[in-house]
Amino acid sequence: MDGIVAFTGAGISAPSGIPVFRGHGVRWEDVMPIESDEFFSIRFLRSEPDLFWELYLTRLIPALERAEPNPAHRALAAHAIPVITQNIDWLQEAAGSNDVLHLHGHAGWVLCPAGDRLSLEAVRKWHGAAPRCPQCGAGPCRPDVVFFGEPVHGVVDALERSAEATDLIVVGTSLRVAPANQVVFQAQHTGARVHLVDADCETRVPELLTTLLGEAGEASRGRREH
Ligand code: NAD
């Protein structure tokens, strides 16, 4: 499987029961009282830290914890395909993948204002209020995830990996979030074959693609050549 790289988004985890932001399937708006673009903005985290953390710990984290890897995560892991993911869940690692680049961070980790990285478990007792660091007392802590309005530090690494790919398997992403979506354009620019597995794939950027496939986690579905 040398040369094959996967680029995944919220749709790969949708069959596991984690809502998406856009497109086919259950949306975060269906389970959250606040629009996802607002909830995941750095402005909201800064202006309403207590409300943010209340919803984060009572709605978002339990949804991630209930989820288990589905056949799409497992297929990428079984073939040891390196994964660049926009997801903040840990399902790809739970499926057995060792090489996962989390472009937008990881919800299992928290950052103290002093810069230390802590496990989410370390701050969970602050339920109902923005947590302070249990080690140094500084606060508030924040999830180790990238919010809308923040720079994406991993993008250079991701672009380098996609530039080396012979094939990029793109799974469950609307390609609406920049600069993460540049991973796909970069791979195409450097001559990779781009294969899209997405429930709504025909409505977007078909000119970009070599192959269109169906939904993640349903390996037996028909294959459509573009
Ligand atoms: P998105 O929500 O913008 O788009 C999801 C895409 O997945 C849509 O195109 C939809 O049609 C597709 N989809 C839904 N069900 C599918 C299925 N069963 N098989 C294949 N495709 C399916 O997601 P995005 O492009 O990743 O951007 C959203 C941002 O929100 C990302 O940056 C990500 O960090 C974050 N996010 C993460 C999670 C997670 O960690 N699981 C969930 C929601 C959003």
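When a ligand or atom number is given, it counts from 1 through the structure's own listing order.
To the nearest 0.5 angstrom, F40 atom CZ is 11.5 Å from H104 atom NE2. Distance check: R193 CZ to L168 CG gives 11.5 Å after rounding to the nearest 0.5 Å. Note that the CZ atom of F7 and the NE2 atom of H195 stand 15.5 Å from one another [nearest 0.5 Å].
Contact check for S174 versus F21: no side-chain heavy atoms found under the 4.5 Å cut-off. Here the side chains of L120 and L57 are in contact, with some heavy-atom distance below 4.5 Å. Contact annotation: the side chain of R22 approaches that of D37 to within less than 4.5 Å [non-hydrogen atoms, C-beta and beyond].
For ligand 1 and T173, the ligand atoms under 4.0 Å from any heavy atom of the residue are 6 (C), 7 (O), 9 (O), 24 (P), 25 (O). Listed by number with element, the atoms of ligand 1 under 4.0 Å from a non-hydrogen atom of A14 are 15 (N). Within ligand 1, the atoms closer than 4.0 Å to a non-hydrogen atom of G172 are 5 (C), 6 (C), 7 (O), 21 (N), numbered from 1 in the order shown. With ligand atoms numbered from 1 in the order given, ligand 1 contributes 18 (N) to contacts under 4.0 Å with heavy atoms of P15. Close contacts of ligand 1 with D89, meaning ligand atoms under 4.0 Å from a residue heavy atom, involve 39 (C), 40 (O), 41 (N). Of all atoms in ligand 1, numbered sequentially from 1 with element shown, those under 4.0 Å from a heavy atom of G9 are 26 (O). Set against the non-hydrogen atoms of I18, the atoms of ligand 1 under 4.0 Å away are 41 (N).
Looking at Q86 against ligand 1, both its backbone and its side chain come within 4.0 Å, counting heavy atoms. Contacts with ligand 1 closer than 4.0 Å are made by side-chain heavy atoms of V177 only, the backbone lying farther away. Residue-level proximity to ligand 1 for S13 is carried by the side chain, the only part with a heavy atom below 4.0 angstrom. By the criterion of a heavy-atom distance under 4.0 Å, the side chain of W28, and not its backbone, is placed next to ligand 1.
Side-chain atoms of E38 do not come within 3.5 Å of backbone N or O of E35 as any donor-acceptor pair.
In this structure, of I88, T8, L91, V26, the residue bringing a heavy atom nearest to atom 40 (O) of ligand 1 is I88.
Heavy atoms of G25 stay at 4.0 angstrom or farther from ligand 1. Within the 4.0 Å heavy-atom cutoff, P19 counts among the residues contacting ligand 1.
For the residue pair V146 and G105, the shortest heavy atom distance occurs at CG2-N, 4.4 Å.
Residue F148 places no N or O, backbone or side chain, under 3.5 Å from any N or O of ligand 1.
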Item checked: Derivation of the side chain to side chain contact (heavy atoms under 4.5 Å, CB included) call for V170 and D198 -> CA-CA 8 Å; V170 181; D198 194 286; over 6 Å; no
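Aromatic ring pairs are classed by plane angle as parallel below 30°, tilted from 30° to 60° and perpendicular above 60°; the pair Y56 and F39 is parallel.
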